[in-house]
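Letters go in sequence order (proteins before strands), and every chain restarts at 1. FYI, side chains are in, hydrogens and waters are out, and symmetry mates aren't considered; it's all heavy atoms of this structure.
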Amino acid sequence: MTSSSEGTFFLTGKDFVKAGTASGSLKRVLEDMGVPSAVVRRAAIAAFEAEMNTIIYAVAGIMHYYVTAEMIKVVIQDMGQGIENIELAMTEGYSTAPDYIREMGFGSGMGLPNIKKNVDKFMLSSVSGEGTTLEFIINLEKT
Amino acid sequence: MDILGAEMLSNNDDGKIVVENVYCADLMSNVLSYSITNSLLITNLTNAQVVRTADVADIKAIVFCRGKKPELGTIMLAERKTIPLLVTGLSMFEACGRLYENGLRSDKDTGRQ
Ligand SMILES: Nc1ncnc2c1ncn2[C@@H]1O[C@H](COP(=O)(O)OP(=O)(O)OP(=O)(O)O)[C@@H](O)[C@H]1O
Ligand SMILES: [Mg+2]
């Protein structure tokens with residue numbers, strides 16, 4: 001684990017064919033960099049939940065990752081309806097997902113709490129009607 | 001595989017899958033929060049997201065219940081990710097029950113679904 005890496009993926013709302021590919025690619029990048037597999041898994045899970053939220057609830061977004069010897073930082077920024085009440089959205093079990101999303105296995109309201117559980121630093125901000133930005137950091141040194 | 005009377009859908013495997021744990025769910029976020037690595041996932045859902053979720057969660061293989069087969073695209077995706085797919089005619093309850101009887105357990109040995 002010496003080098004650093006940086007990259008961006010573009011996310012399209014409602015594109016369920018590609019949904020999950022950005023997190024999958026990020027996972028490979030981290031694996032190839034030699035990040036310990038338990039850490040890779042935490043990062044991939046957090047990125048996947050955030051990616052799915054952008055695809056389900058927003059119009060379009062980007063996922064940007066930045067990896068150094070010290071940390072993995074991922075920022076997922078989207079344009080869309082935004083989140084009116086962040087505290088409520090963070091509640092386990094709270095979901096506004098429509099039925100067709102539930103049929104795909106999503107919408108249990110566990111995504112955001114799950115991201116928080118897997119990362120060391122979690123920031124979520126949103127402007128209702130404009131979009132949402134989620135940023136997380138996973139430390140690499142202590143692991 | 002014999003326990004479940006399951007059929008293999010992808011052909012990138014020698015038919016031997018080593019799993020340490022079993023996790024069954026239809027909610028992907030639950031898979032991501034509770035399953036542990038090297039698990040077998042048993043599910044009723046057959047869409048591509050199940051395979052992507054499994055990839056992210058380091059799931060070793062997926063068993064689809066009630067004879068439901070995924071689309072070709074999903075099968076191809078699983079082959080790229082080298083995650084074997086199996087399909088069993090059993091219900092989820094039956095499939096879990098048989099594996100449990102044969103000594104497989106979920107992660108914390110709580111029998112949690
Ligand atoms: N990027 C986003 N844009 C708009 N709303 C969002 C976004 N992310 C989350 N939300 C809102 O927050 C709620 C809770 O999100 P969370 O990811 O915790 O659960 P979920 O997506 O509904 O279900 P799960 O993630 O378990 O499949 C969502 O139902 C949605 O209303
Ligand atoms: Mg979600």
Side-chain angles (χ1 to χ4, degrees), chain A residues 11 14-31 35-53 55-56 63 74 89-95 97 100-119, chain B residues 18-21 23-66 68-83 85 92 107-108 112-113:
Chain A
L11 312 173
K14 308 290 178 294
D15 185 351
F16 293 104
V17 177
K18 271 180 69 191
T21 48
S23 320
S25 306
L26 175 61
K27 189 180 181 204
R28 297 290 167 263
V29 169
L30 297 174
E31 279 168 352
V35 175
S37 62
V39 181
V40 172
R41 188 169 186 265
R42 283 165 59 210
I45 288 173
F48 183 80
E49 292 281 16
E51 178 180 2
M52 287 313 300
N53 280 353
I55 284 158
I56 295 169
M63 178 191 291
V74 180
M90 289 300 301
T91 311
E92 285 191 11
Y94 174 82
S95 177
Y100 81 96
I101 296 292
R102 290 173 197 266
E103 275 158 27
M104 282 190 268
F106 297 93
S108 56
M110 293 298 291
L112 292 171
N114 199 10
I115 298 172
K116 195 166 180 187
K117 205 175 81 182
N118 277 290
V119 304
Chain B
V18 181
V19 294
E20 290 159 13
N21 307 279
Y23 189 78
C24 77
D26 284 344
L27 288 169
M28 294 305 118
S29 279
N30 283 4
V31 175
L32 293 173
S33 42
Y34 298 124
S35 73
I36 59 170
T37 50
N38 296 333
S39 293
L40 174 74
L41 172 65
I42 305 177
T43 181
N44 284 306
L45 298 172
T46 55
N47 60 52
Q49 261 62 55
V50 174
V51 175
R52 295 228 161 86
T53 303
D55 180 40
V56 164
D58 293 333
I59 296 278
K60 266 287 161 68
I62 307 173
V63 177
F64 300 109
C65 301
R66 293 195 189 277
K68 267 199 277 180
K69 286 186 187 168
E71 289 171 16
L72 196 60
T74 306
I75 298 175
M76 277 159 52
L77 176 68
E79 287 188 351
R80 278 207 304 281
K81 305 273 183 194
T82 60
I83 300 173
L85 302 181
M92 193 192 257
D107 52 346
K108 291 190 183 99
R112 178 180 55 202
Q113 289 243 318

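Within the 4.5 Å cutoff, the side chain of A:Glu49 has heavy atoms near those of the B:Leu32 side chain. In this structure the side chain of B:Asp55 reaches within 4.5 angstrom of the side chain of A:Arg28, judged on heavy atoms. Side-chain contact between A:Met52 and B:Gln49 is present, with heavy atoms from C-beta onward closer than 4.5 Å.
Each of B:Val31, B:Val51, B:Thr43, B:Leu27 has some count of heavy-atom pairs under 4.5 Å with chain A, and the biggest count is that of B:Leu27. Heavy-atom pairs under 4.5 Å with chain A peak, among B:Asn30, B:Val50, B:Thr53, at B:Thr53.
Using a 4.5 Å cut-off between heavy atoms, A:Val17 contacts chain B through its backbone alone, with no side-chain atom that close. Using a 4.5 Å cut-off between heavy atoms, B:Thr46 does not touch chain A at all. Both the backbone and the side chain of B:Ala57 have a heavy atom closer than 4.5 Å to some heavy atom of chain A.
The neighbour count for A:Lys14 NZ, taken as heavy atoms of other residues, nucleotides or ligands under 6.0 Å away, is above 12. Atom CD of B:Glu71 has 12 or fewer neighbouring heavy atoms from other residues, nucleotides or ligands inside a 6.0 Å radius.
Atoms CZ and CG, from A:Phe106 and B:Leu45 in turn, are 9.0 Å apart once rounded to the nearest 0.5 Å. The CZ atom of A:Arg41 sits 8.0 Å away from atom CD1 of B:Ile36, with the distance rounded to the nearest 0.5 Å.
Proximity of a side-chain donor or acceptor of B:Arg52 to a complementary backbone N or O of A:Gly24 within less than 3.5 Å is not detected.
Closest of all the heavy-atom pairs between A:Ser108 and B:Ser29 is OG-CB, 3.5 Å.
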